[in-house]
**Q** 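Questions regarding the structure given below will be posed in turn.
In what follows, every heavy atom counts, from backbone to side chain, and hydrogens, waters and symmetry copies are set aside.
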Amino acid sequence: MAIQANFSFLPSKSSLHPHSCNSVTPKLKFSDERRKFRFLIKSSGEQGEDYLIDAPVSVGDGFSFSGGKFGDGSSRSDEWFKRGKYVKAHPVYGTGEKAKDPIFGLTMAGSSQASTDVFRWFCVESGNASKPSIVLIHGFPSQAYSYRKVLDVLSKDYHVIAFDWLGFGFSDKPQPKYGFDYTLDEYVSSLESLINELGLDKLSIIVQGYFAPVIVKYASKHQEKLKDLILVNPPLTNEHVKLPSTLSVFSNFLLGEIFSQDPLRASDKTLTSCGPYKMKEEDMMVYRRPYLTSGSSGFALNALSRTMKKDLKRYVEEMRKTLSTDSWKVRTTICWGQRDRWLNYDGVEEYCKGAKHELVELPSAGHHAQEDCGDELGGIIAQVIRKRGLNITT
């Protein structure tokens, strides 16, 4: 029987900032037949430096920005980079020819060139390696940085790894057609290479957003490796197979190449148009940085948008079928931020019931739930993995 769970977080008056999702202590309660949790965070409605919970719809539709230069001191991007390391995984295919831009045919800078043999992935690892392993996988388009709060919560009891996909963050961003074409099939095989290189055997995977079908396809081939799979706002229904206009614009001929080079469109608008939140400026600068420092991030975004527009429907249909078959043995949970403006909630509950997967509703979260309320999501993930199937009152 499918189980729907609504998490309830009851913050103490002394610990909750009126605009923040931080410092919330979860209280989990189960009823006899139908487990109910409710996720409640109140806001004073004022606009401040932190995330805005229950903000008006106008907040989060993208915003104008002037300035944006890097400061002279250390930035959050620098600090995040220092926490990570490079892992080489997945061979580079191709002729080795120097990459050229698709508009003028000019030779691209080094950051757009493929590695000579194996791609470099930026990974942040935390926790004790002897503990159970959890891999945190960001969505499209985003970065491993979105999991910073989740990672800190989970690393207390688990061995946790978050990484940037090829084409994102600090990982390699080869120019399309010069060693990596940004197809969904390539992402499946490259993930397999990375997990093998990391030496992970039994692990749990958390993936957010449009990369979920890629992970399910990988998992279907390696069910023996997975203990738990948690999908956060995945494209799950027939209504989810079409990219929102905010993302599909990057697939347009010529216009896509131009827009993908604009940090405000490529990072700010894509992150703020899918949920009712306003991000801190210092965090937005982390997401802008790849687009401000090189054109390679934009061209990768452009290429993957075209792939998603072409192949997402097929991948979503395969995912739905895979998760519904009797041969699927991986314990699966769907976490859903109900303020998602890209993926409609209609049909999600019905699908989870039919496929017999647990559903966790997050009424105050948007599409990027790990960015919106990372501390809380980290606690949810820990409890799903640790106490699945138990009646709990904490």
**Q** Is W121 close to Y86 at the side-chain level, that is, under 4.5 Å between some pair of heavy atoms?
**A** no

**Q** Can you check whether S193's main-chain N or O pairs, donor with acceptor, with N196's side chain at less than 3.5 Å?
**A** no

**Q** If we only count heavy atoms from C-beta on, is the L304 to F250 side-chain gap below 4.5 Å?
**A** no

**Q** Taking the ring of Y182 and the ring of F180, is the distance between their centroids below 6.0 Å?
**A** yes

**Q** Using side-chain contact (heavy atoms from CB on, under 4.5 Å), reason through I134 and I161 one step at a time and then give a plain yes or no.
**A** CA-CA 6 Å; I134 298 176; I161 297 174; over 6 Å; no

**Q** Report the residues that fulfil salt bridge (Lys or Arg N to Asp or Glu O under 4.0 Å) with D185, sequence neighbours left out, ordered by chain and then residue number.
**A** K217

**Q** With a sphere of 6.0 Å drawn around NZ of K202, does it hold more than 12 non-hydrogen atoms of other residues, nucleotides or ligands?
**A** yes

**Q** Is the closest side-chain heavy-atom distance between H368 and S142 below 4.5 Å?
**A** yes

**Q** One pair to check against side-chain contact (heavy atoms from CB on, under 4.5 Å): K309 and R306. What are the steps and the verdict?
**A** CA-CA 5 Å; K309 191 171 183 179; R306 289 177 176 173; 5.7 Å; no

**Q** For the NZ atom on K100, are there more than 12 heavy atoms of other groups (residues, nucleotides or ligands in this structure) within a distance under 6.0 Å?
**A** no

**Q** Set out, in order, the CA-CA distance, both residues' side-chain angles and the distance that settles side-chain contact (heavy atoms from CB on, under 4.5 Å) for F168 and F122, then state yes or no.
**A** CA-CA 9 Å; F168 295 90; F122 178 73; over 6 Å; no

**Q** Should M308 and Y315 count as side-chain neighbours, where that means a heavy-atom distance under 4.5 Å?
**A** no

**Q** Could you check whether any side-chain N or O of W328 sits under 3.5 Å from a backbone N or O of V330, counting only pairs where one atom can act as donor and the other as acceptor?
**A** yes

**Q** Taking it one step at a time, do K85 and E125 satisfy salt bridge (Lys or Arg N to Asp or Glu O under 4.0 Å)?
**A** CA-CA 8 Å; K85 63 180 180 180; E125 186 174 8; 3.0 Å; yes

**Q** Taking the side chain as everything from C-beta on, heavy atoms only, tell me whether H90 gets closer than 4.5 Å to S189.
**A** yes

**Q** From the options R289, R148, R288, select the one residue that forms a salt bridge (charged side-chain N to carboxylate O under 4.0 Å, His left out) with D283.
**A** R148

**Q** If you take the centroid of each ring, where Trp contributes its six-membered ring, are F170 and F163 closer together than 6.0 Å?
**A** no

**Q** Is there a side-chain contact (heavy atoms from CB on, under 4.5 Å) between Q261 and Y291 once you walk through the steps?
**A** CA-CA 7 Å; Q261 298 301 320; Y291 299 95; over 6 Å; no

**Q** Assess whether atom CD of E239 is packed by more than 12 heavy atoms of other residues, nucleotides or ligands within 6.0 Å.
**A** no

